[in-house]
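All remarks here apply to the structure that follows.
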Amino acid sequence: MAKKAVAHLQILSLIFSLPLCAFSSLLKSVFAAAPDIVIMHAGNKKIPLEPEDTRAISARPLAKTRDRLNAKFKREIIFLYKIKAPEGSSLVGRYKLEDGPLRITVYEITKKPDSARQLRVVRTRFCQKGESVEFRTVTKKFDEQVYLVTAEAVTSQTELNPHLRYMNSQNNEITLAGFSTNWNLSTLRVHLLGKEEAEKNEVEFTKDADLLVSHLINPQWIVSIRVESL
(Lines give C-alpha, C1' and ligand atoms only; values in the text may rest on other atoms or scores of the structure.)
Protein backbone atom coordinates (compact mmCIF):
# COMPACT_ATOMS: atom_id res chain seq x y z
CA MET A 1 0.00 0.00 0.00
CA ALA A 2 2.84 2.39 0.87
CA LYS A 3 4.47 1.79 -2.51
CA LYS A 4 1.18 2.50 -4.29
CA ALA A 5 0.74 5.74 -2.35
CA VAL A 6 4.25 6.84 -3.28
CA ALA A 7 3.59 5.99 -6.93
CA HIS A 8 0.39 8.05 -6.88
CA LEU A 9 2.23 11.00 -5.35
CA GLN A 10 4.93 10.74 -7.99
CA ILE A 11 2.32 10.81 -10.76
CA LEU A 12 0.63 13.85 -9.23
CA SER A 13 4.00 15.56 -8.85
CA LEU A 14 4.74 14.92 -12.53
CA ILE A 15 1.35 16.27 -13.63
CA PHE A 16 1.66 19.53 -11.70
CA SER A 17 5.23 20.10 -12.82
CA LEU A 18 4.28 19.96 -16.51
CA PRO A 19 4.26 23.13 -18.63
CA LEU A 20 0.80 24.58 -19.21
CA CYS A 21 0.58 23.43 -22.84
CA ALA A 22 1.53 19.87 -21.87
CA PHE A 23 -0.93 19.96 -18.97
CA SER A 24 -3.69 20.97 -21.41
CA SER A 25 -2.87 18.02 -23.68
CA LEU A 26 -2.80 15.70 -20.69
CA LEU A 27 -6.24 16.90 -19.62
CA LYS A 28 -7.70 16.00 -23.00
CA SER A 29 -6.15 12.53 -22.91
CA VAL A 30 -7.10 11.74 -19.30
CA PHE A 31 -10.61 13.18 -19.47
CA ALA A 32 -11.84 11.76 -22.76
CA ALA A 33 -15.23 13.41 -22.21
CA ALA A 34 -13.74 16.88 -22.69
CA PRO A 35 -15.45 18.32 -25.79
CA ASP A 36 -13.15 19.39 -28.59
CA ILE A 37 -14.20 23.03 -28.86
CA VAL A 38 -11.94 24.89 -31.27
CA ILE A 39 -11.33 28.64 -30.91
CA MET A 40 -9.62 30.43 -33.78
CA HIS A 41 -8.71 33.91 -34.89
CA ALA A 42 -10.63 35.01 -37.98
CA GLY A 43 -7.48 34.12 -39.94
CA ASN A 44 -7.92 30.46 -38.91
CA LYS A 45 -5.07 30.50 -36.39
CA LYS A 46 -6.02 28.20 -33.53
CA ILE A 47 -5.98 29.60 -29.99
CA PRO A 48 -5.10 27.04 -27.30
CA LEU A 49 -7.54 26.39 -24.48
CA GLU A 50 -5.63 26.65 -21.21
CA PRO A 51 -6.92 25.12 -17.96
CA GLU A 52 -8.29 27.77 -15.62
CA ASP A 53 -6.31 28.13 -12.40
CA THR A 54 -8.74 27.52 -9.53
CA ARG A 55 -6.23 27.44 -6.68
CA ALA A 56 -6.95 30.97 -5.42
CA ILE A 57 -9.38 31.28 -2.53
CA SER A 58 -11.61 33.54 -4.65
CA ALA A 59 -12.09 30.64 -7.09
CA ARG A 60 -12.99 28.12 -4.38
CA PRO A 61 -16.81 28.39 -4.82
CA LEU A 62 -16.43 27.70 -8.54
CA ALA A 63 -13.99 24.83 -8.00
CA LYS A 64 -16.13 23.27 -5.26
CA THR A 65 -19.22 23.54 -7.45
CA ARG A 66 -17.38 21.88 -10.34
CA ASP A 67 -16.13 19.05 -8.14
CA ARG A 68 -19.56 18.52 -6.57
CA LEU A 69 -21.32 18.36 -9.95
CA ASN A 70 -18.67 16.04 -11.37
CA ALA A 71 -19.25 13.74 -8.40
CA LYS A 72 -23.02 13.96 -8.83
CA PHE A 73 -22.89 12.96 -12.49
CA LYS A 74 -20.11 10.42 -11.81
CA ARG A 75 -18.02 11.81 -14.67
CA GLU A 76 -16.30 14.98 -15.81
CA ILE A 77 -19.08 17.37 -16.79
CA ILE A 78 -17.65 20.82 -15.93
CA PHE A 79 -14.58 22.07 -17.81
CA LEU A 80 -12.94 25.41 -17.00
CA TYR A 81 -10.65 27.05 -19.54
CA LYS A 82 -9.25 30.41 -20.53
CA ILE A 83 -7.88 31.82 -23.76
CA LYS A 84 -5.56 34.75 -24.40
CA ALA A 85 -6.26 37.09 -27.29
CA PRO A 86 -5.40 40.70 -28.15
CA GLU A 87 -8.15 43.26 -27.63
CA GLY A 88 -10.18 43.71 -30.82
CA SER A 89 -9.57 40.16 -32.06
CA SER A 90 -12.29 38.55 -34.17
CA LEU A 91 -12.73 35.04 -32.83
CA VAL A 92 -14.59 32.01 -34.13
CA GLY A 93 -15.69 29.14 -31.89
CA ARG A 94 -16.61 25.81 -33.46
CA TYR A 95 -17.73 22.42 -32.19
CA LYS A 96 -18.47 19.34 -34.28
CA LEU A 97 -20.80 16.86 -32.61
CA GLU A 98 -19.23 13.48 -31.97
CA ASP A 99 -22.57 12.24 -30.71
CA GLY A 100 -26.13 13.45 -30.97
CA PRO A 101 -28.62 14.82 -31.15
CA LEU A 102 -27.64 17.66 -28.83
CA ARG A 103 -28.70 21.21 -28.15
CA ILE A 104 -25.59 23.38 -28.01
CA THR A 105 -26.06 26.74 -26.33
CA VAL A 106 -23.50 29.52 -26.01
CA TYR A 107 -23.97 32.11 -23.27
CA GLU A 108 -21.82 35.22 -22.91
CA ILE A 109 -21.08 37.10 -19.69
CA THR A 110 -19.53 40.54 -20.12
CA LYS A 111 -18.74 43.34 -17.72
CA LYS A 112 -17.87 46.81 -18.94
CA PRO A 113 -15.94 49.15 -16.63
CA ASP A 114 -18.21 50.71 -13.98
CA SER A 115 -21.29 48.74 -15.04
CA ALA A 116 -23.06 45.51 -14.15
CA ARG A 117 -22.40 42.21 -15.86
CA GLN A 118 -24.67 41.24 -18.73
CA LEU A 119 -25.70 37.67 -19.50
CA ARG A 120 -26.96 36.88 -22.98
CA VAL A 121 -27.61 33.93 -25.23
CA VAL A 122 -25.24 34.15 -28.20
CA ARG A 123 -26.34 30.99 -29.97
CA THR A 124 -28.51 27.95 -29.36
CA ARG A 125 -28.92 25.20 -31.92
CA PHE A 126 -30.33 21.69 -32.11
CA CYS A 127 -27.78 19.53 -33.94
CA GLN A 128 -27.44 15.96 -35.11
CA LYS A 129 -24.29 13.83 -34.85
CA GLY A 130 -21.63 15.06 -37.26
CA GLU A 131 -23.05 18.57 -37.57
CA SER A 132 -21.13 21.64 -36.44
CA VAL A 133 -22.19 24.68 -34.48
CA GLU A 134 -20.30 27.96 -34.68
CA PHE A 135 -20.28 31.30 -32.90
CA ARG A 136 -18.34 34.49 -33.51
CA THR A 137 -17.24 37.27 -31.19
CA VAL A 138 -14.88 40.21 -30.92
CA THR A 139 -12.74 40.74 -27.83
CA LYS A 140 -13.33 44.18 -26.34
CA LYS A 141 -12.15 46.23 -23.38
CA PHE A 142 -14.21 44.33 -20.84
CA ASP A 143 -13.39 43.79 -17.20
CA GLU A 144 -14.77 40.29 -17.76
CA GLN A 145 -15.66 38.27 -20.86
CA VAL A 146 -16.69 34.65 -20.33
CA TYR A 147 -18.42 32.14 -22.56
CA LEU A 148 -20.43 29.22 -21.20
CA VAL A 149 -21.14 26.43 -23.67
CA THR A 150 -23.66 23.76 -22.69
CA ALA A 151 -24.62 20.50 -24.38
CA GLU A 152 -28.00 18.92 -23.63
CA ALA A 153 -29.14 15.54 -24.95
CA VAL A 154 -32.56 16.64 -26.20
CA THR A 155 -34.58 14.79 -28.82
CA SER A 156 -36.26 17.60 -30.74
CA GLN A 157 -35.82 21.18 -31.91
CA THR A 158 -38.68 22.34 -29.67
CA GLU A 159 -37.19 21.06 -26.39
CA LEU A 160 -36.04 24.09 -24.39
CA ASN A 161 -34.93 24.11 -20.79
CA PRO A 162 -36.60 26.57 -18.36
CA HIS A 163 -33.66 28.97 -18.50
CA LEU A 164 -33.76 29.25 -22.29
CA ARG A 165 -37.50 29.80 -22.18
CA TYR A 166 -36.99 32.59 -19.64
CA MET A 167 -34.18 34.15 -21.68
CA ASN A 168 -36.44 34.10 -24.76
CA SER A 169 -38.98 36.13 -22.80
CA GLN A 170 -36.23 38.65 -21.92
CA ASN A 171 -35.00 39.11 -25.49
CA ASN A 172 -32.10 36.81 -24.58
CA GLU A 173 -30.28 39.32 -22.35
CA ILE A 174 -30.48 40.02 -18.61
CA THR A 175 -28.33 41.61 -15.94
CA LEU A 176 -26.06 39.41 -13.87
CA ALA A 177 -25.98 41.48 -10.71
CA GLY A 178 -23.23 39.51 -8.99
CA PHE A 179 -22.08 36.33 -7.29
CA SER A 180 -22.06 35.17 -3.69
CA THR A 181 -21.29 32.06 -1.68
CA ASN A 182 -21.88 30.47 1.71
CA TRP A 183 -19.81 30.55 4.89
CA ASN A 184 -17.34 27.84 3.80
CA LEU A 185 -17.06 28.97 0.15
CA SER A 186 -18.48 25.68 -1.13
CA THR A 187 -21.39 26.94 -3.23
CA LEU A 188 -21.78 29.48 -6.01
CA ARG A 189 -24.86 31.70 -6.10
CA VAL A 190 -25.81 33.85 -9.06
CA HIS A 191 -27.80 37.07 -8.67
CA LEU A 192 -29.91 37.91 -11.74
CA LEU A 193 -32.07 40.82 -12.76
CA GLY A 194 -34.50 40.50 -15.65
CA LYS A 195 -35.92 43.39 -17.66
CA GLU A 196 -39.26 43.29 -15.84
CA GLU A 197 -37.60 43.41 -12.43
CA ALA A 198 -35.34 46.26 -13.56
CA GLU A 199 -38.27 48.29 -14.90
CA LYS A 200 -40.14 47.85 -11.63
CA ASN A 201 -37.01 48.72 -9.65
CA GLU A 202 -37.21 45.35 -7.91
CA VAL A 203 -34.36 43.46 -6.30
CA GLU A 204 -32.58 40.73 -8.20
CA PHE A 205 -33.42 37.06 -7.73
CA THR A 206 -30.80 34.53 -6.65
CA LYS A 207 -30.16 31.12 -8.19
CA ASP A 208 -27.78 28.47 -6.93
CA ALA A 209 -25.40 27.23 -9.65
CA ASP A 210 -26.28 23.63 -8.82
CA LEU A 211 -29.96 24.45 -9.38
CA LEU A 212 -29.25 26.13 -12.71
CA VAL A 213 -27.42 23.02 -13.89
CA SER A 214 -30.31 20.83 -12.71
CA HIS A 215 -32.61 22.82 -15.01
CA LEU A 216 -30.64 21.69 -18.06
CA ILE A 217 -32.17 18.79 -19.99
CA ASN A 218 -29.91 15.75 -19.61
CA PRO A 219 -26.69 17.82 -19.57
CA GLN A 220 -23.68 16.20 -21.23
CA TRP A 221 -21.08 18.85 -20.47
CA ILE A 222 -20.61 22.52 -19.58
CA VAL A 223 -17.53 24.40 -20.72
CA SER A 224 -16.46 27.80 -19.40
CA ILE A 225 -14.04 29.80 -21.57
CA ARG A 226 -12.75 33.04 -20.08
CA VAL A 227 -11.19 35.55 -22.46
CA GLU A 228 -8.02 37.14 -21.13
CA SER A 229 -7.25 40.23 -23.21
CA LEU A 230 -3.64 40.95 -24.05
Side-chain angles (χ1 to χ4, degrees), residues 27-28 31-40 49 52 62 65-81 83 91-110 117-137 145-176 179 187-196 205-227:
L27 274 179
K28 290 187 177 182
F31 303 132
D36 188 18
I37 296 176
V38 176
I39 308 292
M40 297 179 296
L49 292 177
E52 187 71 90
L62 178 60
T65 298
R66 173 201 58 195
D67 296 344
R68 185 168 55 253
L69 288 169
N70 286 346
K72 175 183 176 181
F73 286 92
K74 297 181 174 61
R75 57 187 170 86
E76 296 289 323
I77 188 172
I78 308 289
F79 301 92
L80 306 175
Y81 296 115
I83 61 172
L91 304 181
V92 179
R94 187 176 294 120
Y95 174 70
K96 184 175 181 180
L97 273 69
E98 298 175 356
D99 202 354
L102 295 174
R103 173 172 292 282
I104 305 296
T105 303
V106 182
Y107 302 88
E108 181 187 47
I109 299 172
T110 57
R117 296 175 184 86
Q118 296 299 309
L119 169 66
R120 67 187 185 99
V121 177
V122 175
R123 186 80 191 274
T124 185
R125 184 184 171 195
F126 175 73
C127 303
Q128 299 289 350
K129 181 179 179 180
E131 292 185 324
S132 295
V133 61
E134 186 177 285
F135 70 96
R136 296 174 180 270
T137 188
Q145 187 173 16
V146 179
Y147 290 90
L148 299 174
V149 188
T150 65
E152 301 170 274
V154 299
T155 57
S156 72
Q157 173 71 37
T158 56
E159 265 189 290
L160 295 177
N161 66 56
H163 184 61
L164 279 177
R165 292 200 299 269
Y166 175 75
M167 291 298 286
N168 282 343
S169 74
Q170 302 294 303
N171 199 27
N172 284 324
E173 184 170 358
I174 61 175
T175 298
L176 201 168
F179 301 97
T187 63
L188 180 64
R189 295 171 184 149
V190 185
H191 304 279
L192 304 167
L193 185 66
K195 296 183 186 300
E196 292 182 3
F205 55 96
T206 301
K207 295 289 185 181
D208 191 276
D210 295 64
L211 179 63
L212 291 174
V213 172
S214 74
H215 284 168
L216 298 177
I217 301 171
N218 194 5
Q220 300 302 295
W221 45 260
I222 301 167
V223 171
S224 171
I225 303 173
R226 181 173 62 86
V227 180

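Checking T137 against Y147 by side-chain atom types alone, a donor-acceptor pair falls below 3.5 Å. Between N172 and Q170, the side chains place no donor N or O within less than 3.5 Å of an acceptor N or O (distance only, hydrogens not considered).
In terms of heavy-atom proximity, G130 sits nearest to K96 at O-CE, 3.3 Å. Contact detail for E173 and M167: the closest heavy-atom pair is N-CE, 3.8 Å. Between I174 and G194, the shortest heavy-atom distance links the atoms CG2-CA, 4.0 Å. Between Q128 and P101, the shortest heavy-atom distance links the atoms OE1-CB, 3.5 Å. Taking both residues in full, the closest heavy atoms of V223 and P35 are given as CG2-CG, 3.4 Å, listed atom of the first, atom of the second, then distance. Between L49 and I37, the shortest heavy-atom contact is CD1-O, 3.5 Å.
Under the 4.0 Å criterion applied to side-chain N and carboxylate O atoms, E134 and R136 are assigned as salt-bridge partners. The pair R103-E152 fails the salt-bridge criterion, with no side-chain N (NZ, NE, NH1 or NH2) lying under 4.0 Å from an Asp/Glu carboxylate O. A salt bridge links D210 to R68: one of the charged nitrogens lies within less than 4.0 Å of a carboxylate oxygen. A salt bridge between E52 and R226 is present, with a side-chain N of the basic residue lying under 4.0 Å from a carboxylate O of the acidic one.
Between M40 and R94 the shortest side-chain heavy-atom distance falls below 4.5 Å. Contact of the T150 side chain with the V106 side chain is not registered, since no non-hydrogen atoms from C-beta on lie closer than 4.5 Å. You'll find the side chain of I109 stays beyond 4.5 Å of the side chain of Q145, heavy atoms only. A 4.5 Å side-chain heavy-atom check between D208 and T187 finds at least one atom pair inside the cut-off.
Between Y107 and H163, the ring planes are tilted. Angles from 30° to 60° get that label.
Separation of atoms CD1 (I78) and OG (S224) is listed at 9.0 Å; rounding is to 0.5 Å. To the nearest 0.5 Å, atoms CD1 (I77) and CD (Q220) are separated by 7.0 Å. The distance from atom CD1 of I225 to atom CG of L91, rounded to the nearest 0.5 Å, is 10.0 Å. Note that the NZ atom of K72 and the CG atom of D67 stand 15.0 Å from one another [nearest 0.5 Å]. L212 contributes atom CG, which lies 7.0 Å from atom CG of L192 (distance to the nearest 0.5 angstrom). In this structure, the separation between CD1 on I222 and CG on L216 is 5.0 Å, given to the nearest 0.5 Å.
Between the side chain of R125 and the backbone N or O of L102 there is no donor-acceptor pair closer than 3.5 Å.
The ring-ring contact (aromatic ring centres under 6.0 Å, His included) check on F126 picks up nothing, with sequence neighbours excluded.
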* Apply the test side-chain contact (heavy atoms from CB on, under 4.5 Å) to residues V121 and R123: give CA-CA distance (whole Å), side-chain angles for both, the deciding distance (0.1 Å), then the verdict. => CA-CA 6 Å; V121 177; R123 186 80 191 274; over 6 Å; no

* To do: Apply the test side-chain contact (heavy atoms from CB on, under 4.5 Å) to residues T175 and R117: give CA-CA distance (whole Å), side-chain angles for both, the deciding distance (0.1 Å), then the verdict.
  => CA-CA 6 Å; T175 298; R117 296 175 184 86; over 6 Å; no

* Asked: Yes or no on ring-ring contact (aromatic ring centres under 6.0 Å, His included) for H215 and Y166, after CA distance, side-chain angles and deciding distance?
  -> CA-CA 12 Å; H215 284 168; Y166 175 75; over 10 Å; no

* Does the pair L188 and F179 meet the rule for a side-chain contact (heavy atoms from CB on, under 4.5 Å), with working shown? -> CA-CA 7 Å; L188 180 64; F179 301 97; 4.1 Å; yes

* When you look at V92 and I39, which way does the side-chain contact (heavy atoms from CB on, under 4.5 Å) test go after all the steps? -> CA-CA 6 Å; V92 179; I39 308 292; over 6 Å; no

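Side-chain rings of W221 and Y95 approach one another, their centers coming within less than 6.0 Å.
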